[in-house]
Amino acid sequence: MVDFQAFLEKLYWKYRDVNEGKVASYIPELAKANSDSFAICAVTRDGRVFQAGDVDQKFTIQSISKVFVYGLALEEHGRERLLQKVGVEPTGDPFNSLIRLDEDSKRPDNPMVNAGAIATTSLIKGDGPTERLNRLLTLFQRYVGHEVFIDVPVFVSERSTGHRNRAMAHLMLNFGMIDQKVDEALDLYFQQCAILVTCRDLAVMAATLANQGENPLTGEQALHPEYVRDVLSIMYTCGMYNFAGEWAYRVGIPAKSGVSGGILAVVPNQVGIAVFSPLLDGHGNSVRGLRVFEELSQEFGLHLMDLSMGRCRFEAAIRDSSELTAS
Ligand code: GLU
């Protein structure tokens with residue numbers, strides 16, 4: 001029988017020396033990332049932790065934040081009102097594309113592309129920028145189970161170079177899809193992307209979604225259970241940039257990746273898994289992350305559409321596995 005912790009360590013050593021891909025550099029501060037960093041972490045819905053590599057190294061969450069802010073917007077506005085502002089269709093376009101914004105409904109296609117994420121963030125309630133930022137920080141704290149902070153140099157770096165995101169926001173202002181406080185919305189979006197997390201944090205966040213919105217380590221409810229399915233559906237169809245279809249086909253787990261090199265994936269009712277490695281492919285997904293997830297999905301039958309006995313293998317592999325073995 002396969003021991004889950006031993007399997008994670010095996011994956012870590014197997015892919016540690018894969019050096020394909022590039023660190024993101026369009027946000028200048030991200031170019032300083034260490035391309036050797038690599039971590040894998042899994043947290044089960046009952047709070048067992050398995051890990052290998054640099055699981056405590058901090059990095060900015062970037063696009064992965066979009067998932068959680070969308071969940072908060074659902075709680076604040078409900079499905080139907082939110083749908084009027086942000087759609088749920090995958091685009092097949094790069095995450096920072098502007099092209100479709102000027103077509104048809106003028107509504108961003110989904111909350112995982114930048115336009116949709118900025119529109120979503122602009123809807124977060126609060127009396128002024130400080131209150132809205134605190135609301136987001138509190139939200140992320142519920143998911144990770146401890147205080148979170150913003151990487152100010154990354155925030156400033158993106159704020160001063162994020163011209164495409166500014167252009168999108170102004171286009172949406174022109175169409176009346178977001179309100180007048182466009183610079184405030186952009187600042188909040190850049191701040192949410194610059195929140196510092198570790199690979200372990202991401203796995204706990206994923207486990208929280210796997211556990212109907214309740215953080216399995218703290219017992220705190222981070223997202224109303226009613227909206228977990230909406231968030232997971234969007235992750236499944238739109239979470240992996242313009243590789244989302246192939247990811248759904250090959251790996252078959254709701255997931256979200258970010259340009260700093262994180263991938264967070266949720267096997268509902270079972271486990272949250274995260275990988276961190278900053279070397280990205282042309283779509284913006286972590287190269288080592290893709291390999292790790294493909295192999296994990298295959299080995300443990302984690303693909304959601306795989307209705308064979310596969311996922312029993314996962315249950316068996318964690319049952320007798322030791323936790324927290326350092327690699
Ligand atoms: N802050 C980044 C941007 O807006 C996030 C991109 C990403 O991680 O996909 O460009």
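Atoms within a ligand are numbered from 1 in the order they appear, just like the ligands themselves.
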Honestly, for I64 the part within reach of ligand 1 (heavy atoms, under 4.0 Å) is neither

**Asked** For the rings on W247 and Y236, is their centre-to-centre separation under 6.0 Å?
**Response** no

of all protein heavy atoms, closest to atom 5 (C) of ligand 1 is Q62 OE1, 3.4 Å

Result for side-chain hydrogen bond (donor to acceptor under 3.5 Å, both in side chains) between Y189 and one of N114, T120, T121 points to N114

Note: I253 and V266 closest approach over all heavy atoms is CG2-O, 3.1 Å

On a heavy-atom basis, the closest approach of L202 and V197 is CD2-CG2, 4.0 Å

Legend entry - Ring centres under 6.0 angstrom apart (Y241, H283): no

Regarding K256 and the six-membered ring of F68, is the cationic atom NZ or CZ under 6.0 Å from the ring centre and inside 45° of its axis?
no

Under 4.0 Å from one or more heavy atoms of Y241, ligand 1 contributes atoms 7 (C), 8 (O), 9 (O)

Subject >> Distance-only N or O hit between ligand 1 and K66, under 3.5 Å >> reply: no

So for C193 against ligand 1, with non-hydrogen atoms under 4.0 Å, the contacting part is side chain

Ligand 1 atoms nearer than 4.0 angstrom to some heavy atom of N114 are 3 (C), 4 (O), 10 (O)

Counting heavy atoms under 4.0 Å, the part of V259 that contacts ligand 1 is both

- If you measure from each heavy atom of F190 to ligand 1, is any distance below 4.0 Å? no

Q: Taking the six-membered ring for Trp and the single ring otherwise, decide whether the centroids of F300 and F7 are under 6.0 Å apart.
A: yes

Residue, atom and distance of the protein heavy atom nearest atom 10 (O) of ligand 1 read Y26 OH, 2.5 Å

Can R288 be said to sit on top of F38's aromatic six-ring, NZ or CZ under 6.0 Å from centre and within 45° of the ring axis?
yes

Note: E158, heavy atoms under 4.0 Å from ligand 1, region reported as side chain

Of all protein heavy atoms, the one nearest atom 4 (O) of ligand 1 is Y189 OH, 2.7 Å

- Item | N165 N/O to ligand 1 N/O under 3.5 Å | yes

Original post:
Are any non-hydrogen side-chain atoms of M235 and V231 less than 4.5 angstrom apart?
Top reply: yes

If you scan protein heavy atoms around atom 7 (C) of ligand 1, the nearest is S63 OG, 2.7 Å

Numbered in order shown, the ligand 1 atoms found under 4.0 Å of a heavy atom of G258 are 8 (O)

